[in-house]
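Below, chains carry the letters A, B, ... as their sequence lines are ordered, and counting in each starts from 1. Just so we're clear, the structure is a prediction, and the values are computed from it rather than from any experiment.
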2 protein chains.
Amino acid sequence: MPKPDKKVDIVRAALELIAENGFHGAPMALIAEQAGVGAGTIYRYFANKDVMIATLFRELEDRLNAAILDGYETGTPIRERFLHVGATVLHYFIDNPTDFRFLEQFINSPYGAAHRRDKLLGTQEGCDVFKELFEDGIAQQVMKDFPLVILFDLAFGPLLALGRDHILGFVSLDDTLIERAIEACWDGVGR
Amino acid sequence: MPKPDKKVDIVRAALELIAENGFHGAPMALIAEQAGVGAGTIYRYFANKDVMIATLFRELEDRLNAAILDGYETGTPIRERFLHVGATVLHYFIDNPTDFRFLEQFINSPYGAAHRRDKLLGTQEGCDVFKELFEDGIAQQVMKDFPLVILFDLAFGPLLALGRDHILGFVSLDDTLIERAIEACWDGVGR
DNA sequence: CGTTGCGGAATGAACGTTCATTCCTATAAT
DNA sequence: ATTATAGGAATGAACGTTCATTCCGCAACG
């Protein structure tokens, strides 16, 4: 049983390098160096690079889901729930730019495609929140009657774009701007 | 002076392979094979792979801009112009999935980052249409008073997401669904 | 009209580099 | 002493690019 903190070091190094330089700019040798570890050591903790990346992704996904679930209340009105979740997600992106950039890289990669497929069939815990929210919204006639996927796109398309542009420095989002932007997203999905 | 149709073959092969498999799944040797051309021949037309990809991108960008400009009327009301442009873009994506997937790959890559930077400073012809549209919309008080970048994100974030999900088969967009989705985007940016 | 010579275009095997992965040695723990 | 862990040089596959060679169309010449 290897020392766990080495694994942590490796994962952090991988996260930082991939977020900064993309998958291509993060060879195993560099990851090892930045983690203060031998190249071969990584393979004591992960079968190969793909497994390492998938593990890392799942970890970040869990963190994001936890952030979303934190403070989420089933009882409040749909619109309030939507605004809360939207602002939480956007804040998470802005406060964790490294996480965001890694996630972005991941979903726009061969890895991400397969992952998306799976998500549509089997239900994921974090996803359920949105599914439920949107289904409730349609049922209560406060949201437009679209297929769920479209509602996702209307709501999250802007969020990802906003997160990216803030992190790239194209716009500087403060709290009021975030709030107004999420309200605009609501205007897109609500009726 | 080399025969021009070889260049066309090469560019098409590159477009198809990159759209299908990403940049990694499109080695020069494969591109050459699919183009019915020797590997070295590519380098008679392009200095290197980066130049080839940049050229290809500019070509697709021009095609998309042409599609947008086609049927665009400066005189009509803002909302109508927005709906027209939005529907045109989304239709272009759906009718040209290969183009769309290449563009998607490109903008989510080291290449795309640099390109985005440039776009913000120097004005591009196709971009001007949107800039003008959004600026007019704000001035006439029919759009929310956001920084331009945010309006872009609110409007195009969903478009890209919708195009991707349609092409991946997660949703099947018909004409009425497209129209309604663009109207929803308008609800996001309009007031 | 047939032959020869020429120059740009095309080729693909070969090269050098990069990278993930393996393997063997050294070290620490029990 | 035996085993578990770490290290990093070695390995081999894959890739972009190069270059010596071949191909091809055409003009000059006999």
Using whole Å, report how far [atom1] of [X] lies from [atom2] of [N].
X: A:Arg44; N: D:dG8; atom1: CZ; atom2: C1'; result: 14 Å
X: A:Ile42; N: D:dT5; atom1: CD1; atom2: P; result: 17 Å
X: B:Asp9; N: C:dT11; atom1: CG; atom2: P; result: 11 Å
X: B:Lys6; N: D:dC23; atom1: NZ; atom2: P; result: 14 Å
X: B:Phe46; N: C:dA10; atom1: CZ; atom2: P; result: 12 Å

Is the backbone N or O of [Y] less than 3.5 Å from a side-chain atom of [X], with the two atoms forming a donor-acceptor pair by type?
X: B:Asp5; Y: B:Val8; result: no
X: A:Arg81; Y: A:Thr76; result: yes
X: A:Lys144; Y: A:Gly188; result: yes

Plane angle bin for B:His84 and B:Tyr72 - parallel if under 30°, tilted between 30 and 60°, otherwise perpendicular: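 Correct class here is tilted.
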A:Tyr45 vs D:dT5: side-chain N/O to OP1/OP2 distance below 4.0 Å: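 For D:dT5, neither OP1 nor OP2 has a side-chain N or O of A:Tyr45 closer than 4.0 Å.
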Exercise: do A:Tyr111 and A:Asp50 side chains pair donor with acceptor under 3.5 Å: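 The criterion, which ignores hydrogens and geometry beyond distance, is satisfied for A:Asp50 and A:Tyr111.
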Within the 6.0 Å centroid threshold, strictly below: B:His166 and B:Phe93: no
Residue pairs fulfilling salt bridge (Lys or Arg N to Asp or Glu O under 4.0 Å) with at least one residue in residues 152-166 of chain A, sequence neighbours excluded: A:Asp165-B:Arg116
Listed pairs, N/O of protein and of nucleotides 14-17 of chain C, under 3.5 Å:
none

A:Glu33, CD: over 12 other non-hydrogen atoms inside 6.0 angstrom: no
Per-nucleotide protein contact string for nucleotides 19-25 of chain C, where B marks a base within reach and S marks sugar-phosphate only (heavy atoms under 4.0 Å, - for neither): SSBB---
